[in-house]
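In what follows, every heavy atom counts, from backbone to side chain, and hydrogens, waters and symmetry copies are set aside.
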Amino acid sequence: MEQNKAIATFAGGCFWCTEAVFLEVKGVEKVVSGYIGGKTANPTYKDISSGTTGHAEAIQITYNPSEIAYEDLLEIFFGTHDPTTLNRQGADVGTQYRSEIFYHSIAQKESAEKYIQLLEKEKLYDRVIVTKVSSATQFYLAEDYHQNYYNLNSSQGYCRMVIAPKLEKLRKYYKTKLK
């Protein structure tokens, strides 16, 4: 990685949602949607949708750690999806929609584990957090039509019903962290 750039990889259900959220965050330079954590090489969206590849829909964030801390990214990640539902987010069901953090360093691993412990200690959720913390493996870029999906398709039904409320929550609770 270049100096003043780092990578964070999160799976929080549909990658369209998480991508839209993090594109608005200060210090985030790039967000791409893709697949990670499975056994299938070069998977396609059709492959992922079968639920048999082991991959999760995920985003890879390139960010400037001098502008935003990894812990701030974790806070936004946990604040904009439900980390208590196993293999689902809302109506999206399957292992590809799991909540998982893929760390790129021991420091990221420790930060993620400490953050989850803090959330559990503070009892911020009524149910147990099921978010996994795993070492980052090969990240496969999703097809072009998945990139920047919300911004290119904001009038589409799924975008209005599922993504827009997440963005409203982001804008309400994380104003100081937005571009």
* Near Lys179 NZ, under 6.0 Å, is it more than 12 heavy atoms from other residues, nucleotides or ligands? -> yes

* Asked: Backbone N or O of Pro43 within a donor-acceptor pair of the Thr40 side chain at under 3.5 Å?
  -> no

* **Under the side-chain hydrogen bond (donor to acceptor under 3.5 Å, both in side chains) test, residues paired with Thr53 that sit two or more places apart** => none

* Sequence neighbours excluded, which residues qualify as salt bridge (Lys or Arg N to Asp or Glu O under 4.0 Å) partners of Glu143? -> none

* **Expected output: side-chain Gln156 to main-chain Cys159 donor-acceptor under 3.5 Å** => yes

* Cut-off 3.5 Å, side chains only: do His104 and Thr9 have a donor facing an acceptor? -> yes

* Contacts of type salt bridge (Lys or Arg N to Asp or Glu O under 4.0 Å), residue Glu120, not counting sequence neighbours -> none

* Considering the options Arg127, Lys169, Lys166, which one meets the salt bridge (charged side-chain N to carboxylate O under 4.0 Å, His left out) requirement together with Asp82? -> Arg127

* Asked: Going from CD1 on Ile48 to OG1 on Thr95, what distance comes out if it is rounded to the nearest 0.5 angstrom?
  -> 8.5 Å

* Selection residues 18-60 - residue pairs positive for ring-ring contact (aromatic ring centres under 6.0 Å, His included), sequence neighbours left out -> Phe10-Phe22, Phe15-Tyr35, Tyr45-His146, His55-Tyr140

* Asked: Do Ile76 and Lys177 have side chains that get closer than 4.5 Å, going by heavy atoms?
  -> yes

* **Contact check, side chains of Ile68 and Val25, non-hydrogen atoms, under 4.5 Å** => yes

* Heavy-atom closest pair, residues Thr176 and Lys26 -> O-NZ, 2.8 Å

* **CA sep, side-chain torsions, deciding dist, call: Lys109, Glu113, salt bridge (charged side-chain N to carboxylate O under 4.0 Å, His left out)** => CA-CA 6 Å; Lys109 178 183 189 238; Glu113 290 171 345; 3.5 Å; yes

* Structure fact -> Residue set satisfying ring pair (Phe, Tyr, Trp, His ring centres under 6.0 Å) with Tyr174, at least two apart, ordered chain then number -> none

* Asked: How close do Tyr97 and Cys14 get, heavy atom to heavy atom, and via which atoms?
  -> CD2-N, 3.8 Å

* Structure fact -> Between Ala8 and Leu73 the two heavy atoms that sit nearest each other are CB-CD1, 4.0 Å

* Glu19 to Ser33 - nearest heavy-atom pair and separation -> OE2-OG, 3.5 Å

* Asked: For the hydrophobic clusters of this structure (ILVMFWY residues joined by side-chain heavy atoms under 4.5 Å, transitively), does one cluster hold both Leu152 and Tyr145?
  -> no

* Does Pro65 reach the side chain of Glu67, with side-chain heavy atoms less than 4.5 Å apart? -> no

* To do: Begin with the C-alpha distance, continue with both residues' side-chain angles, and end with the deciding distance and a verdict on side chain to side chain contact (heavy atoms under 4.5 Å, CB included) for Leu118 and Glu122.
  => CA-CA 6 Å; Leu118 175 67; Glu122 297 296 322; 3.9 Å; yes

* State the CG-CD distance between Leu74 and Gln108, to the nearest 0.5 angstrom. => 8.0 Å

* Asp47: what forms a salt bridge (Lys or Arg N to Asp or Glu O under 4.0 Å) with it, not counting sequence neighbours? -> none

* With sequence neighbours left out, what residues match Glu100 under side-chain hydrogen bond (donor to acceptor under 3.5 Å, both in side chains)? -> Arg98, Ser134

* **Contacts of Thr131 that satisfy side-chain hydrogen bond (donor to acceptor under 3.5 Å, both in side chains) - sequence neighbours left out** => Ser99

* To do: Identify the two heavy atoms, one from Ile101 and one from Tyr70, that lie closest to each other, and give their separation to 0.1 Å.
  => CG2-OH, 3.4 Å

* Asked: Would Leu86 and Val128 show up in the same hydrophobic cluster when neighbours are defined by side-chain heavy atoms closer than 4.5 Å?
  -> yes

* Connected-component partners of Phe102 among ILVMFWY, side-chain separation under 4.5 Å -> Val32, Ile36, Phe139, Leu141

* Structure fact -> Per side chain to side chain contact (heavy atoms under 4.5 Å, CB included), Thr62 is matched among Ile7, Val28, Val31 by Ile7

* To do: With sequence neighbours excluded, give me every ring-ring contact (aromatic ring centres under 6.0 Å, His included) pair touching residues 110-133.
  => Phe78-Tyr115

* Asked: Rounded to the nearest 0.5 Å, what separation is found between the OG atom of Ser49 and the CD atom of Gln96?
  -> 6.5 Å

* Please name the pair of heavy atoms, one in Ala20 and one in Ile163, separated by the smallest distance, quoted to 0.1 Å. => CB-CG2, 3.7 Å

* To do: Test salt bridge (charged side-chain N to carboxylate O under 4.0 Å, His left out) on Arg171 and Glu24 and set out the steps.
  => CA-CA 9 Å; Arg171 292 169 187 152; Glu24 295 196 9; 2.4 Å; yes

* Asked: Are the side chains of Leu23 and Asn148 in touch, meaning some heavy atoms are under 4.5 Å apart?
  -> yes

* Does a side-chain heavy-atom distance below 4.5 Å link Leu167 with Tyr150? -> yes

* Tell me, please, which residues at least two apart from Ser111 pass side-chain hydrogen bond (donor to acceptor under 3.5 Å, both in side chains). => Glu71

* Asked: Between Thr84 and Val130, is any pair of side-chain heavy atoms under 4.5 Å apart?
  -> no

* Asked: Quick one: CD on Gln60 to OG1 on Thr18, what's the gap to the nearest 0.5 Å?
  -> 12.0 Å

* Atom pair OH (Tyr63) and CG (Asn4), whose distance is rounded to the nearest 0.5 Å -> 11.5 Å

* Asked: Going by side-chain heavy atoms closer than 4.5 Å, which hydrophobic residues are tied to Val93, directly or by a chain of links?
  -> none

* Main-chain N/O of Tyr149 paired with Asn153 side-chain donor or acceptor, under 3.5 Å -> yes

